[in-house]
Protein chains: 2
Amino acid sequence: MARPRQALLTRERIVEAAAALIDAEGLDACSMRRLATELGVQGPSLYNHFATKAEIVDAVAEAVVAQVDISVFRGNDWREGLRLWAKSYHGVLCAHPNIVPVLATGPGRRPAGLAMAEAVYGALIEAGWSRARATHIGALMRYLITGSAIGSFALGFEADPELYDRFPHLHRAHELAAHRDAVDEGAFELGLDLLINSLSDRYDQGVRR
Amino acid sequence: MARPRQALLTRERIVEAAAALIDAEGLDACSMRRLATELGVQGPSLYNHFATKAEIVDAVAEAVVAQVDISVFRGNDWREGLRLWAKSYHGVLCAHPNIVPVLATGPGRRPAGLAMAEAVYGALIEAGWSRARATHIGALMRYLITGSAIGSFALGFEADPELYDRFPHLHRAHELAAHRDAVDEGAFELGLDLLINSLSDRYDQGVRR
DNA sequence: TGCTTAAACTAGCGGCGTAAGTTTTTACAC
DNA sequence: GTGTAAAAACTTACGCCGCTAGTTTAAGCA
C-alpha cells in the first residue's frame with residue numbers, strides 16, 4: 001500500500017490506541033509493532049506521526065494528567081481545593097495504573113502537568129504560604145499521590161503464607177490482598193487527612209513558611 | 001572456553017556488578033550482554049547462575065533494601081523508630097535512585113523487604129496501634145518514601161524558561177533545579193514531620209485505630 | 001499539468017532476553 | 001583409579017524490539 005486516499009492514522013487515534021493498550025495489557029505490551037497492528041497498519045508507519053516511541057507514551061501520560069480536575073481550586077478554600085484535587089488526581093491514576101511509572105519518573109514538561117503545577121502552587125501562594133513552603137507542599141502531595149498509585153501495598157504480600165513463617169507479625173499478611181481497597185484507599189485517605197489537617201493547623205497558627 | 005578451573009562468576013559477583021552498572025548508567029544500561037561484558041564473560045553465561053534477568057534485578061533491589069537500618073525500632077519510642085527508619089530508608093534510596101522504580105513497582109516477596117515490614121508493623125502493633133491502622137501507617141510511609149525517591153520534584157521543571165510563559169506562578173520554576181536538595185529534602189522532611197507529629201497527637205489522645 | 005509533500009509500504013540494522021546444544025572441568029560413587 | 005553426572009563456560013540462533021532508509025502512490029497546490 002502506498003499513501004491511502006484517506007489517512008489511516010492521526011496522532012489522536014494513535015494516542016487513543018496506545019492508552020487502551022497500556023491500560024489493558026501494560027506498558028511492555030505497547031510496542032510499536034503491536035500498537036501498529038492494533039491500528040491495522042505496519043510498525044514504521046507510526047513514525048510519520050511521532051518521532052519516537054517515547055513521544056507516544058508521553059502523549060498518553062499527558063492525556064491522563066489532563067483528566068485531573070484542577071477547577072476545584074477556584075471557589076474553594078486552599079484546604080478544600082487541595083483535598084479535592086488530590087482525590088481527583090488519585091482517582092485518575094488508579095483508573096490508569098499502568099502509566100503511573102511514566103508520570104512518576106519522567107520530567108514535567110507536559111502542558112497538562114504544568115497547568116496542574118500552576119493551579120496547585122498558585123492556590124497555595126494566594127492563600128499566603130511562602131514560595132518555599134508552597135513548593136514543598138506541592139512536592140509532598142505529589143509524593144503521596146504517585147507513591148500510592150505506583151504499587152499497591154496490599155498486593156505486595158504474596159499469597160503463599162509460608163513466606164511469612166519467619167515473621168511473626170506478618171503471619172496474616174497474605175490476607176491483605178483480599179482487602180486491597182480498604183488497605184490502599186485507607187492508607188491514602190489517612191495520609192491526605194493527616195497532611196491537610198496538620199498543614200491547616202500550622203496555617204491557622206500563622207506558621208506559613 | 002569451556003568450564004574454567006576456577007569459576008569466573010558467582011551470584012554475588014553478578015549482583016555487585018549489576019548494582020554498580022545500574023547505579024552508574026541506569027536500569028536500561030543493565031542488559032545481559034552488557035553486564036556479562038562488564039564481568040569479562042559472554043551473555044548467556046549468566047544463566048548458569050540466575051534463571052532470568054528479573055531475578056538479577058530483584059537481587060540488586062534486595063541488596064539495596066537490606067541496607068536500610070531496621071535496628072532503630074529497638075530501644076526507641078515508636079515515633080522515633082519510625083522517623084529514624086524513614087530517614088535511613090530515604091537515604092538508601094537517594095543513594096541508589098536508579099533502582100527505585102523496581103522497588104516501588106514490584107511485589108514484596110524479597111526477604112529484606114519482609115524483614116522491614118515485620119519491623120515496622122511489629123513496632124506499631126506493640127505500641128498499641130490497631131492492626132488495620134498499623135497497616136495503613138506502614139503503607140503511608142512507603143508511599144512517602146518511594147514517592148519522594150522515584151522522581152525529583154525540583155528536576156521536573158526544565159531549564160527552558162519560555163516553557164513557563166503561560167503559567168504566571170511558575171515563571172521561576174526553572175530555578176528549582178539549582179536548589180534541588182533544599183526542595184526535595186525539604187518536602188520529604190516536611191512530610192515526615194507532619195505525618196509523625198499528627199500521628200503522635202492522635203496516639204496521645206488515645207485514638208489508635 | 002507538473003512539483004512537492006504526505007503517508008503508507010518493505011527491507012533491514014543492531015540490540016534485546018533467552019533457549020539449545022557443545023565442550024571441558026570438577027566432584028563424587030564404585 | 002575410573003566412570004559418570006553435574007557445573008560452568010562457550011557458540012549459535014530465534015523472535016522480538018526501536019528505529020532508519022528507501023520506495024510507491026495520492027493529495028495539495030502553483
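Residue numbers begin at 1 in each chain, while the letters A, B, ... track the order of the sequences. Bear in mind the structure is a predicted one, so any value in this text is a computation, not a measurement.
Put simply, the side chain of Leu144(A) does not reach to within 4.5 Å of the side chain of Leu144(B), judged on heavy atoms. In this structure, the side chains of Phe188(A) and Leu140(B) stay at 4.5 Å or more apart for every pair of heavy atoms.
Straight-line distance from the CZ atom of Arg5(A) to the P atom of dT24(D): 18 Å, rounded to whole Å. Spacing between atom CE of Met32(A) and atom P of dA8(C) amounts to 13 Å, rounded to whole angstrom units. Note: CG (Asn48(A)) to C1' (dT24(D)) measures 13 Å, nearest angstrom. Atom CG of Leu46(A) and atom P of dT20(D) are 13 Å apart (whole Å). dA13(D) atom C1' lies 14 Å from atom OH of Tyr47(B), rounded to whole Å.
Residues of residues 50-62 of chain A that place a heavy atom closer than 4.0 Å to DNA chain C do not occur. Less than 4.0 Å separates DNA chain C from at least one heavy atom of each of the following residues of residues 6-26 of chain A: Ala7(A), Leu8(A), Leu9(A). Only Pro44(A), listed by number, bring a heavy atom of residues 34-44 of chain A to less than 4.0 angstrom from any atom of DNA chain D.
Side-chain contact check for His136(A) and Glu189(B): no donor-acceptor pair (N or O, by modelled atom type) lies under 3.5 Å.
Partners of Asp77(B) according to the salt bridge (charged side-chain N to carboxylate O under 4.0 Å, His left out) rule, which considers only residues two or more places apart in sequence or in another chain, are Arg79(B).
Considering Asp69(A), Val120(A), Asn76(A) as possible partners of Trp85(A), the one that fulfils the side-chain contact (heavy atoms from CB on, under 4.5 Å) test is Val120(A).
A cation-pi contact links Arg11(B) to Phe50(B), judged by a cut-off of 6.0 Å to the six-membered ring centre and 45° from its axis.
Under the 3.5 Å distance criterion, the side-chain polar atoms of Thr135(A) are matched with a main-chain donor or acceptor of Arg131(A). Formation of a donor-acceptor pair under 3.5 Å by the Ser45(B) side chain with backbone atoms of Val41(B) is not found in this model. Side-chain atoms of His171(B) do not come within 3.5 Å of backbone N or O of Phe167(B) as any donor-acceptor pair.
Side-chain nitrogen and oxygen atoms of Ser45(B) include at least one within less than 4.0 Å of the OP1 or OP2 phosphate oxygen of dC10(D). Side-chain N/O atoms of His49(B) include one lying less than 4.0 angstrom from OP1 or OP2 on dA9(D). An OP1 or OP2 oxygen of dC17(D) is reached within less than 4.0 angstrom by a side-chain nitrogen or oxygen of Ser31(A).
Separating the CG atom in Asp184(A) from the CG atom in Leu176(A) is a distance of 9.0 Å, to the nearest 0.5 Å. Interatomic distance, CD of Gln67(B) versus NE2 of His96(B), reported as 4.0 Å (0.5 Å rounding).
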Between the protein and nucleotides 3-5 of chain C, which nitrogen or oxygen pairs are less than 3.5 angstrom apart?
none

Check the pair Leu195(A), Leu82(A) against side chain to side chain contact (heavy atoms under 4.5 Å, CB included), reporting the backbone distance first and the verdict last.
-> CA-CA 10 Å; Leu195(A) 290 180; Leu82(A) 217 51; over 6 Å; no

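Applying the salt bridge (Lys or Arg N to Asp or Glu O under 4.0 Å) test to residues at least two apart or on different chains, the pairs with a partner in residues 47-64 of chain B are Asp58(B)-Arg110(B).
Taking the six-membered ring where the residue is Trp, Trp129(B) and Trp78(B) present perpendicular rings, their angle passing 60° and hence far from 30°.
The residue among Cys30(B) and Arg33(A) whose nearest nucleotide of DNA chain C lies closer to the 5′ end is Arg33(A).
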